[in-house]
Amino acid sequence: LYNKRNTILKIPDAIKAIDKYKKDDDIFTFGVGNHLMFGCQYINWKRPKTILASGSLGVMGCSIGYAIGGQLANKNKRVISIDGDGSFNMSLTELQTISRYNLPVKIALMNDKNLGMVRVWEKLFYEKRYTATDNPNNPDYCKLAESYGIKSLRCDNQDELDTITKQFMKNDGPILCEYICETDECLPL
């Protein structure tokens with residue numbers, strides 16, 4: 001299903017690529033998971049009040065709602081939602097709201113087919129008793145976005161990472177970019 005090229009993509013790689021094309025006053029929103037931990041470490045923050053997140057208080061699925069609110073309150077700024085597949089699955093129907101109001105929200109979806117942060121906790125504190133942390137049957141997120149009239153891109157390798165991310169960040173309207181990533185751990189939690 002996914003095109004494997006020369007190198008495997010990791011979440012920090014995708015976030016660093018997004019950081020390369022960000023503007024200092026872009027607003028970033030995050031759901032809860034490893035993508036938030038990686039984002040806080042790999043985005044070069046330059047200005048205050050440019051991140052909306054729950055602080056890992058367990059509010060999975062909040063990134064899209066934060067992005068909608070952030071875009072409505074900041075019509076002249078870019079809003080980028082960085083979310084994981086597990087978190088995004090909690091509120092993906094909000095694509096309808098983004099489409100309905102033609103909000104130019106950018107959704108960077110880190111799809112590692114896992115509840116990454118929960119999996120790390122199961123490994124560290126529950127003797128690797130993994131329970132329902134794999135997401136092997138995720139939908140085709142690009143087709144889902146397109147079904148709402150939202151442009152989509154997919155990146156699954158290092159070779160195309162820069163080109164696809166540049167295209168993603170320069171798009172003027174609503175867009176979803178699915179980054180197919182290898183599962184990774186982000187420490188410290």
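Along the sequence shown, the residues carry numbers beginning at 1.
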Participant: First locate atom CG of Leu103, then atom CG of Leu95, and finally report the distance between them rounded to the nearest 0.5 Å.
Facilitator: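 Rounded to the nearest 0.5 Å, the CG-CG separation comes out at 11.5 Å.
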
Participant: Please answer: with hydrophobic residues joined when any side-chain heavy atoms are less than 4.5 Å apart, are Ile18 and Leu9 in the same cluster?
Facilitator: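 Linked within one cluster.
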
Participant: Hey, what do you get for CG (Leu176) to CG (Leu153), rounding to the nearest 0.5 Å?
Facilitator: 8.5 Å

Participant: Within this structure, what is the SG-CG distance for the pair Cys62 and Asp83, rounded to the nearest 0.5 Å?
Facilitator: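 It comes to 7.5 Å.
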
Participant: Under a 4.5 Å cut-off applied to non-hydrogen side-chain atoms, are Glu182 and Asp112 in contact?
Facilitator: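 No, too far: nothing below the 4.5 Å cut-off.
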
Participant: Is there a chain of hydrophobic side chains (I, L, V, M, F, W, Y, each step under 4.5 Å between heavy atoms) that links Tyr66 to Ile175?
Facilitator: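 Different hydrophobic clusters.
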
Participant: Run Asn111 and Phe88 through side-chain contact (heavy atoms from CB on, under 4.5 Å) and show every step you take.
Facilitator: CA-CA 9 Å; Asn111 183 0; Phe88 185 72; over 6 Å; no

Participant: Can you name the nearest heavy-atom pair linking Ser87 to Gly61, along with the distance?
Facilitator: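 Between these two residues, the closest heavy atoms are OG-N, 2.8 Å.
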
Participant: Hey, are Glu160 and Thr163 close enough side-chain-wise for a donor-acceptor pair under 3.5 Å?
Facilitator: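 No.
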
Participant: Taking all non-hydrogen atoms of both residues, which atom of Ala108 and which atom of Phe168 are closest, and how far apart?
Facilitator: N-CZ, 3.8 Å

Participant: Flag the pair Asn34 / Asn114 as yes when at least one side-chain heavy-atom distance between them is below 4.5 Å, and no otherwise.
Facilitator: no

Participant: For Arg100, I'd like to know if atom CZ has over 12 heavy atoms of other residues, nucleotides or ligands within 6.0 Å.
Facilitator: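 No, CZ of Arg100 has 12 or fewer neighbouring heavy atoms, counting only those of other groups under 6.0 Å.
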
Participant: Hey, is the main chain of Lys23 close enough, under 3.5 Å, to the side chain of Asp26 for a donor-acceptor pair?
Facilitator: yes

Participant: Look only at the side chain of Arg78 and the backbone of Lys106, and say whether a donor-acceptor pair between them is shorter than 3.5 Å.
Facilitator: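 No, Arg78 side chain to Lys106 backbone: no donor-acceptor pair under 3.5 Å.
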
Participant: So if you build clusters from Ile, Leu, Val, Met, Phe, Trp, Tyr with side-chain heavy-atom gaps below 4.5 Å, do Leu72 and Leu52 land together?
Facilitator: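 In one cluster with Leu72: Leu52, no.
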
Participant: List the steps and the verdict of side-chain contact (heavy atoms from CB on, under 4.5 Å) for Thr165 and Lys20.
Facilitator: CA-CA 9 Å; Thr165 301; Lys20 179 179 176 181; over 6 Å; no

Participant: Report yes if the side chains of Ile51 and Cys40 come closer than 4.5 Å at any heavy-atom pair, otherwise no.
Facilitator: yes

Participant: Taking the side chain as every heavy atom from C-beta outward, state whether Val32 and Ser54 have any pair of such atoms under 4.5 Å apart.
Facilitator: yes

Participant: Short question: side chain of Thr50, backbone of Ile27 - any donor-acceptor pair under 3.5 Å?
Facilitator: no

Participant: So how far is it from Ile15 CD1 to Asn44 CG, rounded to the nearest 0.5 Å?
Facilitator: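 These two atoms lie 13.5 Å from each other.
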
Participant: Just wondering, more than 12 heavy atoms not from Asp172 lying within 6.0 Å of its CG?
Facilitator: no

Participant: In terms of hydrophobic clustering (I, L, V, M, F, W, Y; side-chain heavy atoms under 4.5 Å; direct or indirect links), are Leu161 and Ile11 co-clustered?
Facilitator: yes

Participant: Quick check against the 3.5 Å criterion: does Asn74 have a side-chain atom that pairs as donor or acceptor with the backbone of Asn76?
Facilitator: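 No: the side chain of Asn74 does not pair with the backbone of Asn76.
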
Participant: Is the backbone N or O of Gln96 less than 3.5 Å from a side-chain atom of Ser99, with the two atoms forming a donor-acceptor pair by type?
Facilitator: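 Answer holds: no.
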
Participant: Quick check: closest heavy atoms across Ile164 and Cys177, and the distance to 0.1 Å?
Facilitator: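 Here Ile164 and Cys177 meet closest at CG2-SG, 3.8 Å.
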
Participant: Just by modelled atom types, is the Lys170 backbone N or O under 3.5 Å from a matching donor or acceptor in the Gln167 side chain?
Facilitator: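 No, Gln167 side chain to Lys170 backbone: no donor-acceptor pair under 3.5 Å.
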
Participant: In Å, rounded to the nearest 0.5 Å, how long is the span from CE of Met110 to NE2 of His35?
Facilitator: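 If we round to the nearest 0.5 Å, Met110:CE and His35:NE2 are 8.5 Å apart.
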
Participant: Do any N or O atoms from the side chain of Gln71 and from the backbone of Lys77 form a donor-acceptor pair under 3.5 angstrom?
Facilitator: yes

Participant: Fit a plane to each ring of Trp45 and Phe30, take the angle between them on a 0 to 90° scale, and name the class: parallel (under 30°), tilted (30 to 60°) or perpendicular (over 60°).
Facilitator: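 Ring orientation, 0 to 90° scale: perpendicular.
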
Participant: Salt bridge between Lys22 and Asp19, side-chain N to carboxylate O under 4.0 Å?
Facilitator: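 Here Lys22 pairs with Asp19 in a salt bridge, since their nearest N and O are under 4.0 Å apart.
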
Participant: Do Ile150 and Ile107 sit in the same hydrophobic cluster, where Ile, Leu, Val, Met, Phe, Trp and Tyr count as joined when their side-chain heavy atoms come under 4.5 Å apart?
Facilitator: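 Shared cluster, yes.
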
Participant: For Ile64, does its backbone N or O pair with a side-chain atom of Ser91 as donor and acceptor, under 3.5 Å?
Facilitator: no

Participant: How about Tyr141 and Asp85: do any of their side-chain heavy atoms sit closer than 4.5 Å?
Facilitator: yes

Participant: Identify the two heavy atoms, one from Asn171 and one from Pro174, that lie closest to each other, and give their separation to 0.1 Å.
Facilitator: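 Nearest pair, atom of Asn171 first, then Pro174: ND2-O, 3.7 Å.
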
Participant: Roughly how far, to the nearest 0.5 Å, is the CG atom of Asp25 from the CZ atom of Arg47?
Facilitator: 5.5 Å

